[in-house]
Colleague: 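Sharing a structure below in structure tokens format, with a few things to ask.
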Amino acid sequence: MSSPIKAETPVMEKIVSLCKRRGFIYQSSEIYGGCGGVWDYGPLGAELKRNLRDAWWRTMTREREDVLGLDACILMNPAIWAASGHVATFADLMRECSLTNKRVRADHVDPQDGIVMNYSGAQSATGWKLPRAIAVLMKKGEHIESFRKRVRLLIASNAGEPAGKPEEIELLDETKGDTVEQSIDYHPETGAALGEARPFNLMLKTYLGPTATEADVTYLRPETAQAIFAQFKNVFDSSRVKVPFGICQIGKAFRNEVTPKNFTFRSREFEQMELEFFIKPDEAVAIISGSVAAWSEGADLSGPKPDWGWEMWHRYWVDQRTKFYQSIGLGDVLEYYWQTPADLAHYARACVDILCEFPFGTEELEGIAARGDFDLSQHQKHSGKSLEIFDEELKTAATALTDEAKEALIQRRLATESAKEKGGLTEVEVRAWFERLFKGFYLPHVIEPSAGLDRMALAVLAKAFYQYEKEDGKGKSETITILRLHPSIAPVKVGVFPLLKNKPELVSKAREVYQLLKGRLNTFYDEAGAIGRRYARQDEIGTPFGVTIDFETLGEQGGELKDTVTVRERDGGAQHRVKISDLAGWLASRL
RNA sequence: GCGGGUGUAGUUCAAUGGUAGAACACGAGCUUCCCAAGCUUGAUACGUCAGUUCGAUUCUGAUCACCCGCUCCA
């Protein structure tokens, strides 16, 4: 009867089109020609995003005893970004390969040896031309023909289709140049000359205060997490919480992305939902509980245990976040990528990317990192303020330890530190740290689940988007579009329709039902057009239920059906006869 | 930022150096109308700015945005 259609137009384009047509997402500043990398949410998009945001906030803090909320400003003291490392890592000098535009950090170019070959340009049989001069390093021992082949290949892959086949590209006016040794002016991979070093600042700079001098420079935050670390001590001191506990925050963040792309997936302004969950260092757990629980496949992650170290907590949060994604209907499109030691930042112990299947590929939705005490220690160092907390239970347990037991803990830590390739602590530093620990003081370690709200919204839209071809009674084929959104996040929960709009009794009854529902659920009233069209309109925006007031409702078919309505399900179109007095409860139990 | 592509009603697409058209969607109306039905009827577009030209949506240039690569990790 129905079958999924083949994509003649790419699915992503259909989704973008639907989003605009029905008021989910518009291009920013469209009447002025747009604005790169930023998008606005229309009426339905705003509802959808709010539902997702609320669901996250509810599960992350309101339904938990151990997580508190925070709502910090986008603007902060710029010293925060120096401490977090963003000023350094987001402002590297970069140089671009003149042939392929691949970028390398100016201070990370491996010196190259070889002979410089110059060309005035290139052209291909297709009529395509590379109009500028190029210089490429022929490496020692590289045969001239294989070198030329390599250059043609690089040109072809960068120019794309217009240049045609690599072998049909002609290199113009070849001249042999200087022999260079240990030069940092050529791209290590391609051998092509590098352009000038240019700063690549991915943070959005702004001025705080009307004078706008260099002294007033600060940045729009590139992530929400740093405010949590900066306010960690205030939250701890004002909330009567004990480690382990978390602080979560939802808010806008800004990055000057080199290439915003894939609709809202990579934007320059986006909304993050981040949790920093603070835990005791494993050594503290060992002192208090006698041992640290080891993770193994199938371990019980249903609820926190006192002997959990960072690894169990990390697994726990991956599990919690997975359950969340299942609750909004994304369970079956998730994938996980466990970063390898080579992927990890030096301060991170583990990081899992939760990936989701999008029409343009499988991409990251959320990252869950175990970051040790890196962030708090950075802010402690840069601010000069102690961010240590005092743990009474730890102090009591440590006091009871024998000196031998203490020394054993220190030795074990020393062994792991010396095994590290870089960043390992010295023995003096380790002993100083344990001295504070045995007195009950430490910087909490952190597990950081960090999710993108805009990505989540795009993910649920992409997952929900479904089209099929249907033949109507006359054999004419039409495309049916349904957004199969999970009812809990659908922007509109129920549509209310009088079967006919020219019958005042039906309309007034329908308005009554609408008034009854709209206080409790986001309800949409529609009387225009045929009933089937109204169902279809709601299907397209993902409304899970439709309520129709018909002549039976008015009692025409006898008293039994009086004051009952047809409730029609979006997925499958099944219909139920429900009493108006039961309607709100009936719907609420299914959302 | 660099290279390639694209830009016409709300959407998806036509055509044209001189008056821009369709389908669907949208508004109004008729119809005891349960899955985008039918009939009547209405509104709406050449991304922006220059140049060539008597005249540009069409040709040229610039610019902006989007898509695909380089990038990136919410």
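Keep in mind that the numbers below use all heavy atoms, side chains included, and drop hydrogens, waters and symmetry copies. Each chain gets a letter, A, B and so on, in the order the sequences are listed, and its residues count up from 1. Only a predicted model underlies this, so the values are computations on that prediction, with no experimental measurement involved.
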Colleague: Any ring pair (Phe, Tyr, Trp, His ring centres under 6.0 Å) pairs touching residues 24-53 of chain A, not counting sequence neighbours?
Modeller: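 Residue pairs passing ring pair (Phe, Tyr, Trp, His ring centres under 6.0 Å), neighbours aside: A/W39-A/F263.
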
Colleague: Salt bridge or not for A/D563 and A/K509, using N-O below 4.0 Å?
Modeller: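 Yes, charged N to carboxylate O under 4.0 Å.
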
Colleague: OP1 or OP2 of B/C30 sitting under 4.0 Å from any side-chain N/O of A/K501?
Modeller: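 False: A/K501 side-chain N/O out of range (4.0 Å or more) of B/C30 OP1/OP2.
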
Colleague: Between B/U41 and B/C35, how many Å separate the two P atoms, rounded to a whole number?
Modeller: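 Roughly 27 Å separates the two P atoms.
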
Colleague: Would you indicate, yes or no, if B/C35 has its OP1 or OP2 atom less than 4.0 angstrom from a side-chain nitrogen or oxygen of A/R570?
Modeller: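 For B/C35, neither OP1 nor OP2 has a side-chain N or O of A/R570 closer than 4.0 Å.
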
Colleague: Using whole Å, report how far CD of A/Q538 lies from P of B/C35.
Modeller: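 The distance from CD of A/Q538 to P of B/C35 comes to 17 Å, rounded to the nearest Å.
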
Colleague: Given the P atoms of B/G4 and B/G42, what is the spacing between them in whole Å?
Modeller: 48 Å

Colleague: Ring centres within less than 5.5 Å and planes less than 30° apart: is that true of A/Y535 and B/A36 in this structure?
Modeller: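 Stack criterion not met.
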
Colleague: Would you say B/U31 has OP1 or OP2 under 4.0 Å from some side-chain N or O of A/K503?
Modeller: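 No, no such contact exists.
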
Colleague: Measure from the ring centre of A/Y32 to the centre of the six-membered ring in the base of B/C64, then say whether that distance is under 5.5 Å and the planes meet at under 30°.
Modeller: no

Colleague: Determine the Euclidean distance between corresponding C1' atoms of B/U58 and B/G18; express it in Å to zero decimal places.
Modeller: 12 Å

Colleague: Would you measure the distance from the P atom in B/A62 across to the matching atom in B/G1 and give it in whole Å?
Modeller: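 Per the computed distance, 15 Å lies between those P atoms.
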
Colleague: If pairing requires Watson-Crick or G-U wobble contacts with both distances under 3.5 Å, which nucleotide is the partner of B/A37?
Modeller: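 Per the H-bond distance test, none.
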
Colleague: Using the C1' atoms only, state how far B/C46 lies from B/C59, rounded to an integer number of Å.
Modeller: 15 Å

Colleague: Under 4.0 Å between a side-chain N or O of A/R537 and OP1 or OP2 of B/A36?
Modeller: no

Colleague: Do you know which of A/V496, A/T548, A/L583 makes side chain to side chain contact (heavy atoms under 4.5 Å, CB included) with A/V565?
Modeller: A/L583

Colleague: Quick one: does A/K20 reach the base of B/U11 with a side-chain donor-acceptor pair under 3.5 Å?
Modeller: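 No.
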
Colleague: Could you tell me whether A/R266 and A/E363 have a side-chain N and a carboxylate O separated by less than 4.0 Å?
Modeller: no

Colleague: Report the base-pairing partner of B/G1 (Watson-Crick or G-U wobble, both distances below 3.5 angstrom), or none.
Modeller: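 Result: B/C70.
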
Colleague: Compare side-chain N and O positions of A/N502 against OP1 and OP2 of B/C30 and report whether any pair is under 4.0 Å apart.
Modeller: no

Colleague: Return yes if a side-chain donor-acceptor contact under 3.5 Å exists between A/Q467 and A/T481, otherwise no.
Modeller: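 Result is yes, a qualifying pair exists.
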
